[in-house]
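Quick notes on the structure that follows.
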Amino acid sequence: LVTNLREVEDNHKYQKYHADCINFIGQHLNKPNQYLIKVANSQILKMEEAYEKVVEELAQNVSIGQRLDQKQNVWEEYREVRRQLKQMKDRLWEVEAHEERLVELDDWREELGHWTSKNMQEQCGKIDKQN
């Protein structure tokens, strides 16, 4: 019982943390239609549903014997969804870091007084088209 109560509390904090991370990354990417953001948000909803399902199961008024006979790992589905979300969040951090590097590359070209050769300008133009 104590273990499940601790799990309920920890997992609630975990949900909030990951939802905040996904929102933070989404705001800084400035790409609301980014595929990984959409998938991560749907994964957060799945995680919330799995969490609610477990909490409802644990909230049932049963005897101690029945509680002990219950499925040993009621958090299994939730943990699987959480693991998938963590992988998505890690990938989103990579995407955000890549976008940040591209922005930094663009910044130096906009500085006053910088000089590049014609070949360098052509290469920069090709890079811009690609991204």
Side-chain angles (χ1 to χ4, degrees):
L1 180 63
V2 173
T3 304
N4 280 328
L5 286 174
R6 191 174 305 121
E7 285 276 341
V8 167
E9 187 176 296
D10 290 346
N11 288 326
H12 179 73
K13 292 175 189 175
Y14 195 87
Q15 281 179 273
K16 181 162 177 30
Y17 167 74
H18 280 290
D20 289 346
C21 283
I22 301 297
N23 288 333
F24 177 81
I25 294 169
Q27 288 173 353
H28 287 83
L29 270 180
N30 290 327
K31 294 183 179 179
N33 294 328
Q34 216 282 347
Y35 177 73
L36 279 176
I37 295 287
K38 289 180 178 180
V39 172
N41 283 327
S42 69
Q43 199 69 15
I44 286 173
L45 293 175
K46 283 183 188 176
M47 189 168 69
E48 289 172 356
E49 289 171 6
Y51 175 82
E52 291 299 322
K53 184 177 162 184
V54 170
V55 169
E56 284 178 22
E57 186 175 330
L58 293 175
Q60 292 176 357
N61 190 13
V62 296
S63 69
I64 292 177
Q66 290 172 319
R67 182 68 67 200
L68 292 174
D69 291 340
Q70 258 183 341
K71 180 179 164 186
Q72 288 298 318
N73 194 354
V74 293
W75 293 100
E76 188 174 335
E77 179 184 346
Y78 175 84
R79 287 188 182 127
E80 178 60 25
V81 174
R82 187 175 84 175
R83 183 188 62 76
Q84 293 170 358
L85 180 65
K86 183 181 182 316
Q87 289 174 341
M88 283 180 219
K89 184 188 65 136
D90 292 344
R91 180 65 183 119
L92 278 169
W93 279 119
E94 292 172 15
V95 169
E96 201 279 330
H98 175 72
E99 292 291 325
E100 186 65 29
R101 284 192 293 275
L102 291 177
V103 168
E104 287 175 4
L105 284 175
D106 288 342
D107 288 348
W108 70 267
R109 287 189 273 170
E110 295 172 5
E111 291 178 4
L112 293 175
H114 90 279
W115 177 87
T116 59
S117 68
K118 182 173 173 80
N119 290 337
M120 181 65 126
Q121 288 176 339
E122 288 175 18
Q123 291 297 323
C124 288
K126 289 178 184 178
I127 291 170
D128 287 341
K129 286 180 185 177
Q130 192 176 36
N131 291 318

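Every heavy atom of this structure was used, including side-chain atoms; hydrogens, water molecules and symmetry mates were not.
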* **Hydrophobic cluster identity match, Phe24 and Leu36, side-chain contacts under 4.5 Å** => yes
* Before accepting this row, confirm whether a basic side-chain N of the pair Lys53/Glu57 lies closer than 4.0 Å to the acidic partner's carboxylate O. => no
* Can you check whether Val81 reaches Gln43 side chain to side chain, under 4.5 Å on heavy atoms? -> yes
* Asked: Do the side chains of Glu7 and Arg79 get nearer than 4.5 Å, heavy atoms only?
  -> yes
* Asked: Out of Ile44, Asn41, Val39, which one pairs with Leu85 under the side chain to side chain contact (heavy atoms under 4.5 Å, CB included) rule?
  -> Ile44
* To do: Taking side-chain hydrogen bond (donor to acceptor under 3.5 Å, both in side chains) as the test, write out the residues that go with Tyr51, two or more places apart.
  => none
* **Interatomic spacing from NZ in Lys46 to OH in Tyr78 - rounded to 0.5 Å** => 14.5 Å
* Before accepting this row, confirm whether a basic side-chain N of the pair Arg83/Glu80 lies closer than 4.0 Å to the acidic partner's carboxylate O. => yes
Which atom pairs, donor and acceptor, lie under 3.5 Å between side-chain atoms of residues 88-97 and protein residues at least two apart or in another chain?
residue, atom, partner, partner atom, Å
Asp90, OD2, Lys86, NZ, 3.2
Arg91, NH1, Glu94, OE1, 3.1

* Structure fact -> Here the pair of heavy atoms bringing Ile37 nearest to Ile22 is CD1-O, 4.1 Å
* Nearest 0.5 Å please: distance from the NZ atom of Lys16 over to the NZ atom of Lys13. => 12.5 Å
* Minimum side-chain heavy-atom gap Val55-His12 below 4.5 Å -> no
* Asked: For the atom pair CD (Gln15) and CE (Met47), what is the distance rounded to the nearest 0.5 Å?
  -> 4.5 Å
